[in-house]
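Okay, structure first, notes after.
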Amino acid sequence: MDFEHESDDPFRDDEDDPDAHLSLEKESTKEYVVYLVDASPKMFTSTCPASADDQKEESHFHIALSCISQSLKNQIINRSYDELAICFFNTREKRNIQELSGVFVFNVPERDYLDRPTARLIKEFDRIEESFAKDIGSQHGIVPGTRENSLYNAIWVAQALLRKGSAKTVDKRVLLFTNEDDPFGCIKGAIKSDMKRMTLQRAKDAQDLGISIELLPLSHPSDPFNVSQFYAELIGLEEDELADFMPSSGIKLEDMKDQLRKRMFKKRIVKKLKFIIVDGISIELNSYALIRPTVPGAITWLDSVTNQPLKSERTFICADTGALVEESTKRFHPYKNQNIVFSTKELSEIKRFSTGHLHLLGFKPLSCLRDYYNLKPSTFLYPSDEAMDGSICIFIALHRSMIQLKRFAVAFYGGSSRPQLVALIAQDEIIQSGGQIEPPGMHMISLPYSDDIRLVEERHSEKVGMVTRASNDQIKKAADVIKRIDLKDFSICQFANPGLQRHYAVLQALALEEDEIPEIKDETLPDEEGLARPGVVKALEEFKTSVYGENYDEECEANAKPSEASKKRKAQAEVATKECENYDWGELADTGKLKDLTVVELKYYLTAHNLPVSGKKEALVSRILTHMKK
Amino acid sequence: MANKEALVLLLDVGPSMHSVIPVIEKLCSMLVQKKLIYNRHDKVGVVLFGTKETYNELTLELGGYRHVVVLKNLKDVDGDMVEALQKLPRGTKDGDFLDAIVVGMDMLIKMYPKANKVKKRLCLITNAQCPIKASIEGTKEEQVTTIAKQMSVHGTRMESIIVRGKLCRKKANKTTASENHRLLNIFSKETSTRIVYVGNPVSLFGALKTQNKTPHTVFRGDLELSSKMKIKVWVYKKTIEELPNLKKCYESPDIVVPSDQRVRGYHYGPQLVPMSKVALDAVKFKPEKGVKLLGFTNSSNVLRHYYMKDVNIFIPEPENTNAMLALSALARAMKEMNKVAILRCVWRRGQTKVVIGVLTPNISDKENIPDSFYFNVLPFAEDVREFQFPSFSKLPAALQPNQQQLEAAANLVEMLDLAPCGKEKALLPDFTPNPVLERFYRCLELKSKNPGAAVPPIDETLKKITEPDSNLVLKNKSVIDSFRRCFEPNENPRHKKLRRLLLEKSSSSEEDCNRDITPLPSNLIEVKVDSVCNPTPPQVFEAMSGSRNTQDSVVKAIKDRRNKIFELIDESNDGDNYPEALQCLTALQEKCIVDQESEQFNDFLRRLWNFDRNLQNFRGYLASRDSP
């Protein structure tokens, strides 16, 4: 994957590099989760259909485990600083700090009970079903005659696990997986109500400590989970929420499985800006990076033998004396046969215009913002009254006027790395089904300068000769196509980056030493099925006839004029194939005489077999040997 | 070299041009400077017209062509030429641009008699206010047409930069101006001539494309609407950031471990997973090359701020009428219906990245340019960070602008207009030079003569890019003044008052007690108790928080006030402090919203609600008051 780039260029913008602030991210709110899984025999015997088209039934226990496993694999990439514990209840064996029976905390070496996920945890958890009966065992924890209460114990263990970290900075959750809607069903009389009361009180105490308890009920279509039996009270469900609970928890379970592997970023102010509106009036803005290309994460170079991280060091050697120099502060640019040297100070002086401020220059109608005025991702601006009162008020007033009048602001941003003209577009808040899709504020878009814009169309104008425009009929045919292939609810969040998802999948497979790399669905491919619908095909066909004429054959057009370069390439390949036949390559390879051939001769083989011809002679020889499987 | 260029600058230095010659000097010298860096083997010649003197070969051979001076013959660019262009002579006669064009063409043809691979280019800068001489044979139009045809035969391109508007001091003769306009248009029709009208020094500075690297296609091939319907397109970069490429001095990257003994390591949780290049190559994502349509959608579904990178342009394959028609039909239909197209692109074979982007129509208004599309890269789901921000409507009323303020803002947005109707638009990116690069190249030139030269100040002309135009500000003085009146000055007087208050109360420095509250509890409690006795506690409350600027202290301030509220409730007798506590709570809520610490507040409210049994009564009170 060629995502990495080194940005050493002083004219490049590096102020919002996400990795530069990792330490900051770590500090902000984390999430601690305890997965509490019911391991009672009923979890193993009850099943439900794995998926709609698959007849195979899966046990509830298996569903819960695979759901957690998926969730862990996502978490280790998304939020690897969050901590978690996995805890079974209704078990034969016990393992927990309080020594409570019927509760087993699953863990692997080099890890606390509540800790960050590790590859080993995920790997061993994936195999837990094989050894579950032997090592942990399933056993009803609530049976008549004893006063044992495994559910009570489980909540208590979870609460103890979540003791660390303050509720203010950490979001603490318990996710409870069970298919038993009436855990005290087998108990009768006063003991039952007593146990029930105790358990509810235990849960309430945990909730009072800021721990939220979420229920993920599992059920079979023929035997639905009745949440009002017991759990509604435990998780604090109100009357009117009951009806929605079951369907929504089903979605939650699905969501946990299908989460996108995506590195989560905490909301962080990239920069505080002073926005000078008119002489004497300025406001304070915070800038945020809402859209930035995601890369697979920082690379640490490792020694290929020991796999130990390498330390990166840089030494600067004076070209004149050969002595070590403290640090290179100078750069040069060749000009008129000499190297003109600039110090870092001089370079920043060249780039210094108005120190870090945003200076309003005026407004233009939105129609003036052409589609090619773009260089990099936009930056989001939101006002703050922290340093300058009235900032929010002024911002809202401008924001509203700009939306109403359909205008954007042009400003000069005197940032230290790249002073530039920017467009500020007011964005109204967009809320869809209760969620904020677009926050209210302004988006800052860097505008290109004249030298950044290329006159491509005009360069080609002389070659074109007569320019013809589409006729009204052709435009109408095109309009039919557009109507047919309409993405009604297109949203930018619709596609996962297949390259990145593949990278994460490979990373997971390597880390967990899995043999197979999980298949990644490439969501970016066109909807072939949709395009094959008769209506679409017909519209496309008519459009094609209308612009290309009746008897158009693209094959013949493609073959009609092969480019100069491809002709040459083809001719070369032919020569190479011919020459290649003059050698007995197998013989040469076996006797080790390949290295006695010239590079030109070696290239005959490579070209003839459509292999790369780059590199030194040794590389060519080894490439040939690899190709011959020797 | 196939990409070599021979350029003749045709500069009008007549009296009516004198005011803009300084800008032309800078512009042309920078052009040559850039050629010195990027295209050192290009040839440049300089022809002046409107001079008193006459010096050109044609006048010797044929006579005529008066007041045209060949300042520099076509030659490889050098430092001498940069200097010559920095001090152009001022002429005294009215120049004839057509004479200059013929002299320039003559120079090009003499140097390169055959239409060979050298690109020939003329660049005319004039205000076109002086009439050209009537010809002996035929009309002026016929004369111009003949010359234009000749130009076309020799494959010469021309760029005409016409200075007009405020930049011309002399009132132009209307008939002359329109005649010249018509004549210049003949060039544009007959040859590939770009005519640019500029009305201010900034856009004059940006009018000439000074860098002339031959662009390479990003992609040549099919735009696949479906597997059956394909359109042949070429894709180029439309915008790309131009940056100088400086190298580091003295650096020797000191790699002890050679590259073939290193592997990449990626984090998987707390672990580092080594990934060798071979393993990566074997398993990495390898999409097939191609540009495929996913579908069309309403342009409102793709907001402007989603655009991720520099922009590409899709043009029809040259000389392919079918492709031109198909793109034209699509572009025009999309424009009419207000639609955009979503594409999936893999530009090159073996590329590991897929790009999702949006195609927007670019309808050409020039006869000789076909319709095309702009292409912008869109973010993937992973690239979007869903941060929540408070709705403006939910912010407290005190932060909302009133009617008068809204009007003042609307007036400002309307009147501080950079794109007035019917007039030249200011700061058009296409004509705005990069002030940093200008300064860099100027500095380079200075340092080439004197290595110790200081960094020159910002060019006066280009200050208009970095600061508001004083004319525009002056014109809208009343609008700006009323805006200023409507919004109170920034420094809130309450902040100062509080600071004084704290200074008086506290014997130690104010900073200490703001940053660290625990060591000096007595001081702060004193202040707080004072504030509670105050008839309007929330205001003082607000003021207290106002002085705390850093994020940390905000959190601390909130914590303080939380304690205060607890204290108030605890000390309350039969609920007599409840109204005050509620007021404080509301103030705290407002503050939390402003500081975007709503979590803090909710957290607190939850605790207030759940935790302390002593608070039962207060909760009752809160509920009865329909608390926020």
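Within every chain, numbering begins at 1; the chains are lettered A, B, ... in the order of the sequence lines, protein sequences first and strands thereafter.
A 4.5 Å side-chain heavy-atom check between A/Val456 and B/Lys237 finds every atom pair outside the cut-off. Side-chain contact between A/Leu375 and B/Ile240 is absent, with no heavy atoms from C-beta onward closer than 4.5 Å. A/Pro377 has its side chain out of reach of B/Tyr307: every pair of non-hydrogen atoms, C-beta onward, lies at least 4.5 Å apart. Looking at heavy atoms from C-beta onward, A/Ile281 lies in side-chain contact with B/Phe483 at the 4.5 angstrom threshold. Looking at heavy atoms from C-beta onward, A/Val547 lies out of side-chain contact with B/Leu330 at the 4.5 angstrom threshold. Here the side chains of B/Asp371 and A/Arg469 are in contact, with some heavy-atom distance below 4.5 Å. Put simply, the side chain of B/His305 reaches to within 4.5 Å of the side chain of A/Ile291, judged on heavy atoms. The shortest distance between side-chain heavy atoms of B/Ile37 and A/His333 falls below 4.5 Å.
The contact between B/Ile458 and chain A is made entirely by side chain atoms (from C-beta outward), counting heavy-atom distances below 4.5 Å. The parts of B/Leu412 that come within reach of chain A are both its backbone and its side chain, each placing non-hydrogen atoms under 4.5 angstrom from that chain. Proximity to chain B is limited to the side chain of A/Gln427, based on heavy atoms less than 4.5 angstrom apart. With a 4.5 angstrom heavy-atom cutoff, A/Leu398 touches chain B via backbone and side-chain atoms both. When heavy atoms are compared at a cutoff of 4.5 Å, A/Pro117 approaches chain B solely by way of its backbone atoms N, CA, C and O. Proximity to chain B is limited to the side chain of A/Leu531, based on heavy atoms less than 4.5 angstrom apart. Residue B/Leu293 touches chain A through both its backbone and its side chain, counting heavy-atom pairs closer than 4.5 Å. Of the two parts of A/Ile445, only the side chain, counted from C-beta on, holds a non-hydrogen atom closer than 4.5 Å to a non-hydrogen atom of chain B. The contact between B/Met337 and chain A is made entirely by side chain atoms (from C-beta outward), counting heavy-atom distances below 4.5 Å. Both the backbone and the side chain of A/Thr118 come within contact range of chain B, each with at least one heavy atom under 4.5 Å from a heavy atom of that chain. Of the two parts of B/Val302, only the side chain, counted from C-beta on, holds a non-hydrogen atom closer than 4.5 Å to a non-hydrogen atom of chain A. Contacts of A/Leu507 with chain B are made by both backbone and side-chain atoms, with heavy-atom separations under 4.5 Å. When heavy atoms are compared at a cutoff of 4.5 Å, B/Glu445 approaches chain A by way of both its backbone and its side chain. Looking at B/Leu225, the atoms closer than 4.5 Å to chain A (heavy atoms on both sides) sit in the backbone and in the side chain alike.
Annotation: side-chain hydrogen bond (donor to acceptor under 3.5 Å, both in side chains) contacts of A/Lys477 (sequence neighbours excluded): A/Asp473. With sequence neighbours left out, the side-chain hydrogen bond (donor to acceptor under 3.5 Å, both in side chains) criterion links A/Ser378 to no other residue.
No donor-acceptor pair closer than 3.5 Å links the side chain of A/Thr524 to the backbone N or O of B/Arg344. Using modelled atom types, one side-chain atom of A/Arg407 and one backbone atom of B/Val413 make a donor-acceptor pair closer than 3.5 Å. A/Asn374 places a side-chain N or O within donor-acceptor distance of the main-chain N or O of B/Lys309, the cut-off being under 3.5 Å. For the pair B/Arg439 (side chain) and A/Ile350 (backbone), a donor-acceptor distance under 3.5 Å is present. In this structure, the side chain of A/Arg400 does not engage the main chain of B/Pro401 through any donor-acceptor pair within 3.5 Å. Panel note: side chain B/Lys353, backbone A/Leu500; no donor-acceptor pair is recorded below 3.5 Å. The backbone N or O of A/Tyr449 sits nowhere less than 3.5 Å from a side-chain atom of B/Asn434 that would complete a donor-acceptor pair. Judged by distance alone, with hydrogens and angles left aside, the side-chain atoms of A/Glu346 form no donor-acceptor pair with the main-chain N or O of B/Val455 at under 3.5 Å. No side-chain donor-acceptor contact under 3.5 Å links A/Ser450 to the backbone of B/Phe431.
When ring centroids are compared, A/Tyr288 and B/Phe389 come within the 6.0 Å threshold. For B/Phe285 and A/His503, the gap between ring centers reaches or exceeds 6.0 Å.
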Do A/Arg454 and B/Thr239 pass the side chain to side chain contact (heavy atoms under 4.5 Å, CB included) test, and can you show the C-alpha distance, the side-chain angles, and the key distance before you say yes or no? CA-CA 6 Å; A/Arg454 295 181 169 178; B/Thr239 58; over 6 Å; no
Determine, step by step, whether B/Asp310 and A/Tyr372 satisfy the side-chain hydrogen bond (donor to acceptor under 3.5 Å, both in side chains) criterion, reporting the C-alpha distance in whole Å, the side-chain angles of both residues, the deciding distance to 0.1 Å, and the verdict. CA-CA 8 Å; B/Asp310 35 27; A/Tyr372 61 90; over 6 Å; no
Using side chain to side chain contact (heavy atoms under 4.5 Å, CB included), reason through A/Ile396 and B/Leu395 one step at a time and then give a plain yes or no. CA-CA 10 Å; A/Ile396 296 178; B/Leu395 292 175; 4.0 Å; yes
Run the numbers on A/Leu290 and B/Val384 for side chain to side chain contact (heavy atoms under 4.5 Å, CB included), then give the verdict. CA-CA 6 Å; A/Leu290 293 193; B/Val384 181; over 6 Å; no
Pair A/Leu447-B/Leu427, side chain to side chain contact (heavy atoms under 4.5 Å, CB included): steps then yes or no: CA-CA 10 Å; A/Leu447 297 173; B/Leu427 296 174; over 6 Å; no
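Under 3.5 Å, the side chains of B/Thr360 and A/Asp371 contain a donor-acceptor pair of N or O atoms.
Of all the listed residues (B/Val354, B/Ile465, B/Ile313), the one sharing the greatest number of non-hydrogen pairs under 4.5 Å with chain A is B/Ile465. Most heavy-atom pairs under 4.5 Å with chain A: of the set B/Arg332, B/Lys447, B/Arg304, this distinction falls to B/Arg304. Between chain A and the residues B/Pro287, B/Ser226, B/Ser391, the most heavy-atom pairs under 4.5 angstrom are made by B/Ser391. The candidate from B/Leu418, B/Asp417, B/Thr297, B/Leu406 with the greatest count of non-hydrogen atom pairs under 4.5 Å with chain A is B/Leu418. The choice from A/Pro440, A/Ala478, A/Cys368 that makes the most heavy-atom pairs within less than 4.5 Å of chain B is A/Pro440.
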